[in-house]
Enquirer: 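The structure's right below; bear with me while I get my questions together.
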There are 2 protein chains.
Amino acid sequence: MAPFEVIAEPTRRQMLDLLRVRERPVGELVDVLTISQPTASKHLRVLRDAGMVESRIEAQRRIYRICPGPLREIDAWLAPYRRMWSERLDDLERHLETMQDLPE
Amino acid sequence: MAPFEVIAEPTRRQMLDLLRVRERPVGELVDVLTISQPTASKHLRVLRDAGMVESRIEAQRRIYRICPGPLREIDAWLAPYRRMWSERLDDLERHLETMQDLPE
DNA sequence: GCAGAATATGCCTCAACGAGCATATGCCTG
DNA sequence: CAGGCATATGCTCGTTGAGGCATATTCTGC
């Protein structure tokens, strides 16, 4: 599944947001997000297949941690648009300067 | 439709990429992307409802142009992860410096 | 080895989405 | 105002994805 589709799912974004803070076992994600355990496992499967998380085994638990790498593809696609905001911001700044020079 | 779901569709991302360069009529998007005209119109509808494009009428044509605003939501979500790459890059740099200090 | 905890998987159902096709709408020209 | 061009919409169908539930798997401690 492509990175863009992976993060289209709100629950998966929340999972990444939680794992970004610190690594966590599945049960903790289930508790915090109040979702069923199978649902959590399936979303984690998708995230793992997409290379966005890794899991480590600790006793009966699987501790998941984030791998932000694949998100760079999204960031790369977004980059040109980010420049557009900056340009528009520059336009705004110039406009404000003009307003200062020529107060109506 | 949420911005994340809108850009999950490859054709819609291509449309945005084309409109980012310059505004274009529907027919041009149809030709460049080699998709059917109804398909193009439907995707443009989704993009318009999401506030990512605007259309202007010129004779029988509708000229579409980009409105990058809603993409900022995606960029905002992505920002913390972008910081993670920077940190890792810093780690790599420190590691390389250490290698220089202690060549094995 | 067994009971139980933690997680993964399989199967089913339902809803949503995208494409194709036909058709409607709007506008311009002769 | 008729005919044609450009675009939008409606309908249908096939596919996909997410959740619920039951069950399989794996590990631990006794």
Enquirer: How do I57(A) and I35(A) order along DNA chain D: which one's closest nucleotide is nearer the 5' end?
Expert: I35(A)
Enquirer: Is H43(B) close enough to dC17(C) that one of its side-chain N or O atoms is under 4.0 Å from OP1 or OP2 there?
Expert: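 For dC17(C), OP1/OP2 do not have a side-chain N/O of H43(B) under 4.0 Å.
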Enquirer: Side chain of P25(A), heavy atoms from C-beta onward: which of dG18(C), dT7(D), dT7(C) has the nearest atom to it?
Expert: dT7(C)
Enquirer: Nearest-Å distance, CG (L47(B)) to P (dA8(D))?
Expert: 12 Å
Enquirer: To the closest 0.5 Å, what do you measure between CZ (R62(B)) and CD (E54(B))?
Expert: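 The CZ atom of R62(B) sits 14.0 Å away from the CD atom of E54(B).
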Enquirer: Looking at the side chain of M1(A), which of dG17(D), dT7(C), dC17(C) is the nearest nucleotide?
Expert: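 That would be dG17(D).
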Enquirer: Without decimals, in angstroms, what is the distance between L44(B) CG and dG18(C) P?
Expert: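 In whole Å, dG18(C) P and L44(B) CG are 13 Å from each other.
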Enquirer: So if I take every side-chain heavy atom of Q60(A) and compare against dA22(D), dC27(D), dG19(D), which nucleotide ends up nearest?
Expert: dC27(D)
Enquirer: Between C1' on dA6(D) and CG on L29(B), what's the gap in Å once rounded to a whole number?
Expert: 13 Å
Enquirer: I'd like to know if E28(B) pairs up with R22(B) as an ion pair, taking the criterion as any Lys NZ or Arg NE/NH1/NH2 lying under 4.0 Å from an Asp or Glu carboxylate oxygen.
Expert: yes
Enquirer: Would one find more than 12 heavy atoms of other residues, nucleotides or ligands at under 6.0 Å from atom CZ of R56(B)?
Expert: yes
Enquirer: Taking G69(A)'s backbone N and O only, do any of them form a donor-acceptor pair with Y81(B)'s side chain (distance below 3.5 Å, no angle check)?
Expert: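 Checked: no pair found.
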Enquirer: Picking from dA8(C), dG19(D), dT9(D), which would you name as closest to the side chain of S41(B)?
Expert: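 Taking heavy atoms from C-beta onward, the closest nucleotide is dT9(D).
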Enquirer: With a 3.5 Å cut-off and just heavy-atom distances, do the side chain of K42(A) and the base of dG20(D) make a donor-acceptor pair?
Expert: yes
Enquirer: Return the nearest nucleotide to the side chain of S36(B); candidates are dT9(C), dA18(D), dG20(C).
Expert: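 The answer is dG20(C), which lies nearest to the side chain.
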Enquirer: Taking atom P of dT25(C) as reference, at what distance in whole Å does atom CZ of R62(B) sit?
Expert: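 Computing the R62(B):CZ to dT25(C):P distance gives 13 Å.
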Enquirer: Send over the distance from R61(A) CZ to dG4(C) P, rounded to a whole Å.
Expert: 18 Å
Enquirer: Picking from dA22(D), dG18(C), dA8(D), which would you name as closest to the side chain of P38(A)?
Expert: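 Nucleotide nearest to P38(A)'s side chain: dA22(D).
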Enquirer: Whole-Å distance between dA8(D) C1' and Y64(B) OH?
Expert: 8 Å
Enquirer: Picking from dT9(D), dG20(D), dA8(C), which would you name as closest to the side chain of T39(A)?
Expert: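 Of dT9(D), dG20(D), dA8(C), dG20(D) is nearest to the side chain of T39(A).
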Enquirer: Do the side chains of L16(A) and W85(B) join up, straight or via other hydrophobic residues, at under 4.5 Å, putting them in one cluster?
Expert: yes
Enquirer: Side chain of Q37(A): nearest nucleotide among dT9(D), dT28(D), dA8(C)?
Expert: dA8(C)
Enquirer: Rounding to a whole Å, what distance do you find between R45(A):CZ and dA18(D):C1'?
Expert: 15 Å
Enquirer: What's the CD-C1' distance between E5(B) and dG17(D), to the nearest Å?
Expert: 12 Å
